[in-house]
Colleague: 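Sending over a structure as structure tokens; questions will come in a sec.
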Amino acid sequence: MHQKILIMDFEGRHGQEIAKIIRGFQVYCEIERSSPDNLAIEDENTAGLVIVGSAEGSSLEDELDSLLSKADVPVLGICFDGGFNNKKAGKETAATPGLNSLKLNHPENSILFEDAEKEFEVISSCDGIFADLSHGFKATSQGDNGESLSLEKDIFYLLGFYPELSGENGKKIIENYLFKLCGCTGDWSIDDYIEKQVSEIRKTVGEGGALCALSGGVDSSVCAALAYRAVGSKLKCIFVDTGLMRKNEGDEVEEVFGKILGGSFFRIDAQDRFLGKLNGVTDPEKKRKIIGEEFIRIFEEESGKFEGIEYLIQGTIYPDIIESGVGGSVVKSHHNVGGLPENIDFKGIIEPLNMLFKTEVRELGRKLGLPDKLLNRQPFPGPGLGVRVIGGITKEKLEILREADAIFREELSEIGLDKELNQYFVVLTDIKSVGVRDGKRTYAYTAALRAVKTDDFMTAKWAKLPHDLLQKVSKRITDEVSGINRVVYDITDKPPGTIEWE
Ligand code: XMP
């Protein structure tokens, strides 16, 4: 078993960023969101505990107190100081809203700061740490106004700033913590992960069979390839061609997976079924529901054709799990291909990627020989072009959209911008307007181009695409795609817009 760093995260995003840095040092880590009482720090493989908190963490004071009294591995506390330490020291929480930039210097010798610059910028969400030093903590760094920005005592290392937002110096702090304080050896790798998952899938599936829903997206593709490596032809992968795919997409998926999965790949042509169900439906939520339900129905029907299937294998990845633990209102009902069909009685569900971040999933896919073109794909929503054709969906409108979308993607990749954008596509609006071509009046659809930059897809900024590119795309679309005579560019951030239009 590999050493593990446990990250207890009260804040949301920061824990994931820290986890990515830790894994970058080839040290395995997990994020825990449950109550501090349930923490498995007794696990003999746990080499360290990172607590990421906030000033509001003060309500957890008692639990944290008892947790820390149980800890026997080095504890790195990140920004839970404001609440925890101050309360402990009988002082008021000294949190300031938002993030401040401060200059830190660390004259004291602390292992945590070894090889970091003597002075560097940090980002803090509190006014530094004001813990009562008589509790035995010593300050190891100061900010601009002499406030303590880090404290140490025994195996406790508390930071009043976010190391993951402090560039190379922040990384150095994490590296020191892992290797010099926790004694990590940095020997975890994706190869180990593959080996472990392959043997676990094999053991679980045994003599039975397993089913996998393949959408052609990165996660389900990597999952299918991994499961195939484990159980070979005992795996059956179903790719439902909904007719809501981009240009040539169905054929591309078949070409790649027909080779990789051989006789385990099944492409189900369900275009007419989806179009039939969607006929005349214009409400976005209804469309999403119909597509999701139809997908599951087809999946159930098809899987019923195989004998001995006991397990469902799906490509849930780590952020899906972490994020589903955070409450929030549903803006759109997301349909995930590979979601559990309720009426199929499986003995169990296997999620072999559920401890990996997206970059790690891609790395794993590369090791399994999946092509880069597939692994670097931008995200594509489960309901596909169904939510990019605004209003009623017809075969003709889908065809028009596919052509326009292919042109936009082609032109972006021609100048290398596809690598800088996180998502880009064309929406076929339901607006028709008057135009003129070859001296004749036209009355055709308006296409909207959408291109965004985002880290997490929860918020996004519209991309400032070069005017020359927009001009070229507009000309090509209106020249080459009959059915579109007007092109607009969507300049809406998320929020207030969403990335997709429906
Ligand atoms: P929105 O439009 O909500 O989209 O800003 C955020 C991200 O999620 C993708 N998306 C989906 N992905 N099933 C998915 O798997 C869905 O139903 C779905 N709807 C939106 C969207 O493309 C963007 O990347």
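Counting convention: from 1, in listed order, for ligands and their atoms alike. Heavy atoms only: backbone and side chains are in, while hydrogens, waters and symmetry mates are out. For this chain, numbers begin at 1 and follow the sequence in order.
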Colleague: Heavy atom to atom 12 (N) of ligand 1, shortest distance: which of Ala460, Gly217, Gly384, Pro381 holds it?
Modeller: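 It is Pro381 that holds the nearest heavy atom.
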Colleague: Counting heavy atoms only, which of Gln423, Arg388, Glu500, Lys494 comes nearest to atom 6 (C) of ligand 1?
Modeller: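 Result: the heavy atom closest to atom 6 (C) of ligand 1 is in Lys494.
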Colleague: Has the side chain of Asn485 got a donor or acceptor atom that lies under 3.5 Å from a matching backbone atom of Ser433?
Modeller: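 Yes; at least one donor-acceptor contact below 3.5 Å.
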Colleague: Name all residues meeting the side-chain contact (heavy atoms from CB on, under 4.5 Å) criterion together with Val488; count only those two or more places apart in sequence or in a different chain, and write none if there are none.
Modeller: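 Only Thr446, Ala448 meet the side-chain contact (heavy atoms from CB on, under 4.5 Å) criterion with Val488.
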Colleague: Checking Arg388 side chain against Val426 main chain: does a donor-acceptor pair fall under 3.5 Å?
Modeller: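 Such a contact is absent between Arg388 side chain and Val426 backbone.
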Colleague: Show the atoms of ligand 1 that are less than 4.0 angstrom away from any heavy atom in Phe457.
Modeller: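 This gives 6 (C), 24 (O) as the contact atoms.
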Colleague: Does any N or O atom in Pro383 lie less than 3.5 angstrom from one in ligand 1, N or O only?
Modeller: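 Looking only at distances, the answer is no, because the N/O contact criterion of under 3.5 Å is not met.
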Colleague: For Ile5, run the side-chain contact (heavy atoms from CB on, under 4.5 Å) check against Leu76, Ile22, Ile18 and tell me which one passes.
Modeller: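 In the set Leu76, Ile22, Ile18, the residue that makes a side-chain contact (heavy atoms from CB on, under 4.5 Å) with Ile5 is Ile22.
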Colleague: Are any of the N/O atoms in Arg288 less than 3.5 Å from those in ligand 1?
Modeller: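 The answer is yes, given that Arg288 and ligand 1 share an N or O pair closer than 3.5 Å.
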Colleague: When only distance counts, is Phe380 in polar contact with ligand 1, meaning an N/O pair under 3.5 Å?
Modeller: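 No, no N or O pair falls under 3.5 Å.
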Colleague: Crowded around Lys171 NZ? As in, over 12 foreign heavy atoms under 6.0 Å?
Modeller: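 Counting neighbours around NZ of Lys171, 12 or fewer heavy atoms of other residues, nucleotides or ligands fall under 6.0 Å, so no.
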Colleague: Under 6.0 Å between ring centres: does that hold for Tyr228 and Phe257?
Modeller: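 Judged by ring-centre distance (under 6.0 Å), Tyr228 and Phe257 do not meet the cut-off.
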Colleague: Using a 4.0 Å cut-off to any heavy atom of Thr498, which atoms of ligand 1 qualify?
Modeller: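 Result: 1 (P), 2 (O), 5 (O).
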